[in-house]
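Contents: one structure, followed by commentary.
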Amino acid sequence: MSRRANARIEEKSELSHGETLRVLGRAFRYARPFRNRFAVKYLLLLASLLPLLITPWPVKIIVDHVIEELPILPSAYPSALQPLAEALVGLPPNEVLYWMVVLQLALLLLVGAVGTGGGERDRAESKLSGGHDQASRTENEANEGWSMASGLLGLFDFRFTIKLTQALNHHYRSRLFERIQGLPMTVFDDERIGDAVFRVMYDTPSITNAVYRIILAPLASIAFVLAVIWVIAILFGDHPIFWQTSLAMFAVSLLVSLPFPSTLRRRSTASRRAGSATTSSLEEGLTNILAVQSLGAEDREQDRFDDDSWSSFVRHRSVIVVGMVIFVFAFIPGMAMGAYAFFHAADLVILDQISRGDFLLLFTYYLYLIFACVDLGALWIRLQEAAIGLHRVFFLMDLPTETDAVGTPPLPHPPEEVRIDSVEYHYPDGTPALRDVSLTLRVGEIVALAGPAGAGKTTLASLIPRFLEPKSGRVLYDGRDAAGFTRDSVRAQVAFVFQETLLFDATVEQNIRLGRPDATEAEIRRAARRAGAEGFIRGLPQGYHTPLGRGGGKLSVGQKQRLAIARALVREGPILIMDEPTSALDPETERALIATMEEAREDRAVLVIAHRLSTIRHADRIAFVDKGRIVEEGSHAELMARPDGAYRRFVDLQTRGAA
Ligand code: ADP
């Protein structure tokens, strides 16, 4: 079938804040089947944050009691650490040092955290060192594992998270693929296929990103912030400056990022679209490689791919630039506030209100606090990219599919007669294809559709198995509207031999069996024999078990056609539709085609879209189609008897052309 670009159901390139929220809310619902695992992940996250409160202590103890040699006062320690402090009382400094090194090593092994500063927040990540186009980045996301801890806890948490990420992605991808399979064929013009591949593979991972950020980050960060503020207050008394500057940093990171979400959404959309275009041009270039090579169009194709691919990188860079701008704007006030708090803490040491070890402890906690607050403030902006990925996936999911309404009955019995009754059809882009067409097929009859290219023959044939649905009029199976029965049960009545043969990378036998999965070996061989395919199949290296390569690449056009006919014959339905190849058929394939029609007629209705007079002549009736209408109908002899008939002119043209 000739396929033209369909009018697209246009996708919004701009999302409002409200729509972004709705998209994220919907992503949240996809995580519901995994709620238990998310609860475990949440506990793991909290468990990995707790050690962060302990890890700065050995350093404090070393500074105060080993370097400064201050006496150990257990009462000055928080109650949880008092037993530790008591155990250290009276020990010489070098022994204190020894035990602290042991403790630090133990912590390292268990939670992988060492020393002061922000370093212990190192996330153990599974990221491949990926490229910076959308596809390789998101491939990382689909397999992302992370943990706030490392060491044994981190290892466990990390493995758990990878599994959860993959399970969630798999669930979401499968749902999407299921929906795609139910889309009507008119959705997929060539451009859409690359686009759909991109959406399935590279837009879906946004789900994990979004869900982790929405579910885990805020809860865990808020819990952590409160815990740290509380610990600081208990240990060092009331110093509002620490939580105030942290809160201010939350505000700064929120305010600084506030003007950017819509820019980021636009850029992310552009980046993903560029990725889709790259996938499409790759898909198209490879599918049509022969045409490209034979026309010497490699350079042009190369340029096209280069443009698309390069722009997918450039677009992504522009997303990164937005992130950097935000970082710079937030960094300057952040430094100022950090310095202010630093001097305040240093003052406390100078005034002898806290020890040097306390200073390290306090400042480490303060850094935790500030990072967590900045993270929280940046949450909204961080969600934008994921929201765009999700929006693109939901868009594809929401295209109307061909699912039967609940309770639709199957067709009760194989039909004796199919009647197309006053049907109109136009393609989604508005191309009118059929106007007021009526035609009846009966078991025992061969009907040929003839007419110029683009007349509407394929469209007409596609209505019978409900590949297309009439815009008005009906397709009647024994007088009952086919639209009232399930698609599967209607399609089971029809064997369709397409003009372009669609073979898969599987063995000969598997390709035929596709027509009816439960066919016996004998039935498969009989179908192959009747389709005139047996001879060449026997000549193949492994006979019926020979793998065919992609698209049946190892066979000639005629051989592929005969396999497609065998596949149709192995089906049991009473309707056989054949779209005769327009390319010259080798005599053997043509004989097979005609023999198939003749034999199938005994217990089937045969509709053949015929281009060659030799095929048309075998039909009991010929419907001549022109500009979307059936203009003449009758036997070859009847139609030839009309002096000015369209069919007669068509035949004259053909025979003259052949002469
Ligand atoms: P025929 O089989 O007689 O060559 P078709 O049924 O393939 O004709 O096409 C009938 C008309 O519908 C033509 O004008 C063709 O361009 C148009 N058409 C076919 N497929 C599509 C499609 N997927 N989208 C839009 N228009 C289409």
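We count ligands from 1, going down the list as the structure has it; atoms in each ligand are counted the same way. Starting from 1, each residue takes its place in the sequence as its number. In this text, all values refer to a predicted model and were calculated from it rather than measured experimentally.
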(message) Can you classify the ring geometry of Tyr30 versus Tyr172 as parallel (below 30°), tilted (30 to 60°) or perpendicular (above 60°)?
(response) perpendicular
(message) Considering Gly454, Gly430, Gly451, Ala453 one by one, which has a heavy atom nearer to atom 11 (C) of ligand 1 than any of the others?
(response) Gly454
(request) Check whether any N or O atom of Pro432, backbone or side chain, sits under 3.5 Å from an N or O atom of ligand 1, and answer yes or no. (result) no
(message) Does the plane of the ring in His391 sit parallel, tilted or perpendicular to the ring in Phe395? Use 30° and 60° as the thresholds.
(response) tilted
(message) Do Arg525 and Tyr544 form a cation-pi contact, if we require the NZ or CZ to be under 6.0 Å from the six-membered ring centre and within 45 degrees of the ring's axis?
(response) yes
(message) Is there a polar contact between ligand 1 and Ala433, counting only N or O atoms under 3.5 Å apart?
(response) no
(request) Under 4.0 Å, heavy atoms only, figure out whether ligand 1 is touched by the backbone of Asp429, its side chain, both or neither. (result) side chain
(request) Using a strict cut-off of 4.0 Å, indicate which atoms of ligand 1 neighbour a heavy atom of Thr459. (result) 5 (P), 6 (O), 9 (O), 10 (C)
(message) Heavy-atom distances under 4.0 Å decide this one: backbone, side chain, both or neither, for Thr431 against ligand 1?
(response) side chain
(message) With a 4.0 Å cut-off on N to O distance, would you call Asp436 and Arg629 a salt bridge?
(response) no
(message) Once rounded to the nearest 0.5 Å, what's the spacing between atom CZ of Arg648 and atom NE2 of His636?
(response) 10.0 Å
